[in-house]
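Each remark here refers to the structure printed beneath this line.
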Amino acid sequence: MLVYKFGGASVSSASSIKDLSDIVSSAGNELVVVVSAFGKTTNTLENLLARWYENSAERFVIFEKLKKYHFDIIRELLPAAGDPVYNEFAGLVGQIEKKLNSVPSADYDFEYDHLVSFGETASTKIISAYLNSININNTWIDARKWLRTDNAFREANVDLDKSGSELRKIIPAGRHGIWVTQGFIGGTETGCTTTLGREGSDYSAALAANLLDARKLVVWKDVPGILTADPSFFPEAEKIDELSYHEAIELSFYGARVIHPKTIKPLQNKNIPLFVKSFVNPRESGTLIHSIDAFVEIKPILIIKKAQMLISLTPRDFSFIAEDYLSRIFALFFKYRMKVNLIQHSAISFTICMDNSGPFVRELLSEMKTDFRVLYNEGLELITIRHYTQGVIEKYTAGRLVLVEQRSRNTVMFAVRQDFSGS
Ligand code: ASP
Ligand code: MG
């Protein structure tokens, strides 16, 4: 069995979905295709959710645009008006419309998963119908039926055993065929929809590969593979041919946006190789991630996280930051699902660099103010350099105001002001 994963950028238009169909048609007849929402649909759905909670009329404008975006793709791929996908898509749209006309429940995370999962449900319905229409016969499967999770909405935890037995019911060992399923979404025992965290489709694909003992997983991207830096800012970025699982985990943890951090473990556990390849040039070799025994020299790799915030906490009573304070601080990060990227602490001050995103940053800050004096800086970037050299550090930090620096043997991180164009 092979598992192919196509992210939002590789399914953002009818023409990219035609590229997908070329790739799928030459993959043989033992294939699971895991697909994300079209283009930036998940961002749009997040926006839609926020406007719904504000009871803003703008939600209907956003919704109409989203509907049109999908309908335009359907019409281009499946011009025959009688295709059942038109009705199926209309059914999905009807469900959302009904929601938008109702009052959202108090459980934001629950509503999030329910609404945002629409992106993947729609994209896979459309792609599956298109592939069938060009005689790439396939079966659409609902990830909510096989990817069993708990009910930690927006960041659900996967039950691997149950998922495995559900998936095996749908795809028994030795069965041939092509199956199309959603990334990012799963379902609880009682049938609630869940999601695995933003950009979680890679993780879904890795889980499917693990559960089906796949020969390999290929993640199809709009870049030639994993690069030493983001080519849109650093034209000198080079492709990395080969990485160990370990290095790939580290890179994704530090924010290399090429693969989701949770992707590697399910693959590593079963020694399944991961290829990151370009869907535009599928014959090129891409990057291979696998178990490497021998030492492979790695070039310095630059990872930049934008829209960062640095928060410094000092206990109001000037007591030391000890374990009780630390546990309270981390409980708050967990409660608001904040991504912490760097931590530094001294006797009476605790500094965190985190993503300044999502609707809950202000609430987090105000809750912290109960116990701490809180100072913060916004508009920062976090620069991480793996396998650094002094020359590379100088190149990327010259002229920048460094607020925090942290260095280990392999990695150096700098929180700096976000005012650098990369030239
Ligand atoms: N569509 C989801 C997102 O954009 C999941 C994914 O693309 O991996 O976060
Ligand atoms: Mg996406």
Side-chain angles (χ1 to χ4, degrees), residues 3-13 16-17 20 32-50 62 65-66 69-70 73 92 96 108-109 111-128 142-144 146-147 149 152-158 180-187 193-210 217-223 226 248 251-253 255-267 274 276-279 305-307 337-339 355 357-359:
V3 179
Y4 280 4
K5 182 258 170 176
F6 293 87
S10 55
V11 290
S12 62
S13 63
S16 58
I17 295 168
L20 171 152
V32 173
V33 183
V34 176
V35 186
S36 297
F38 289 164
K40 302 245 178 272
T41 296
T42 308
N43 291 356
T44 310
L45 287 164
E46 283 188 346
N47 194 5
L48 184 62
L49 182 80
I62 298 169
K65 270 199 204 143
L66 195 63
Y69 171 50
H70 283 77
I73 293 179
L92 287 173
I96 296 196
Y108 186 91
D109 292 351
E111 296 288 7
Y112 178 102
D113 284 358
H114 199 231
L115 183 72
V116 166
S117 66
F118 164 80
E120 270 72 11
T121 321
S123 70
T124 51
K125 283 269 178 207
I126 296 166
I127 287 171
S128 169
D142 190 336
R144 290 166 294 193
W146 69 265
L147 198 91
T149 72
F153 298 108
R154 285 177 72 200
E155 196 88 49
N157 301 295
V158 174
V180 175
T181 193
Q182 308 77 40
F184 180 52
I185 72 175
T193 304
T194 53
T195 65
L196 306 178
R198 286 302 310 267
E199 309 299 334
S201 297
D202 293 342
Y203 180 38
S204 307
L207 290 165
N210 172 301
L217 166 62
V218 185
V219 171
W220 297 93
K221 311 259 333 170
D222 56 350
V223 287
I226 298 187
L251 292 180
S252 55
F253 171 79
R257 302 241 321 279
V258 206
I259 34 170
H260 187 277
K262 290 183 181 166
T263 311
I264 302 297
K265 205 74 198 128
L267 301 175
L274 165 61
V276 178
K277 291 177 63 137
S278 155
F279 72 88
K305 277 191 172 230
K306 292 182 185 288
R337 305 272 191 273
M338 293 295 165
K339 294 270 183 263
D355 295 357
S357 66

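The figures here come from the full heavy-atom set of this structure, side chains too, leaving out hydrogens, waters and symmetry mates. Atoms within a ligand are numbered from 1 in the order they appear, just like the ligands themselves. Predicted model, so just to flag it, every value in this text is computed and none were measured.
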Taking only heavy atoms of [X], which atoms of ligand 1 are found under 4.0 Å from at least one of them?
X: Ser36; result: 6 (C), 7 (O), 8 (O)
X: Phe184; result: 2 (C), 5 (C)
X: Arg198; result: 3 (C), 4 (O), 9 (O)

* To do: Taking all heavy atoms of Gly187 and all of Thr194, pick out the closest pair and write down the distance.
  => N-OG1, 3.5 Å
Side chains of [X] and [Y]: closer than 4.5 Å at any heavy-atom pair?
X: Thr181; Y: Thr124; value: no
X: Ser201; Y: Phe6; value: no
X: Phe38; Y: Ile127; value: yes

* Within the structure, does Asp202 bring an N/O atom to less than 3.5 angstrom of an N/O atom in ligand 1? -> no
* Below 3.5 angstrom, do we get any N/O pair linking Lys5 and ligand 1? -> no
* Non-hydrogen atoms of His260 versus ligand 1: any pair closer than 4.0 Å? -> no
* Non-hydrogen atoms of Gly183 versus ligand 1: any pair closer than 4.0 Å? -> no
* **Residue pair Thr195 / Asp113, side-chain donor-acceptor N/O under 3.5 Å** => yes
* To the nearest 0.5 angstrom, please state how far the CG atom of Leu66 sits from the CG atom of Leu45. =>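 Separation between the atoms: 5.5 Å.
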* Report the part of Ser201 in contact with ligand 1, treating N, CA, C, O as backbone and CB onward as side chain, heavy atoms under 4.0 Å; options are side chain, backbone, both, neither. =>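 It is both backbone and side chain that touch ligand 1.
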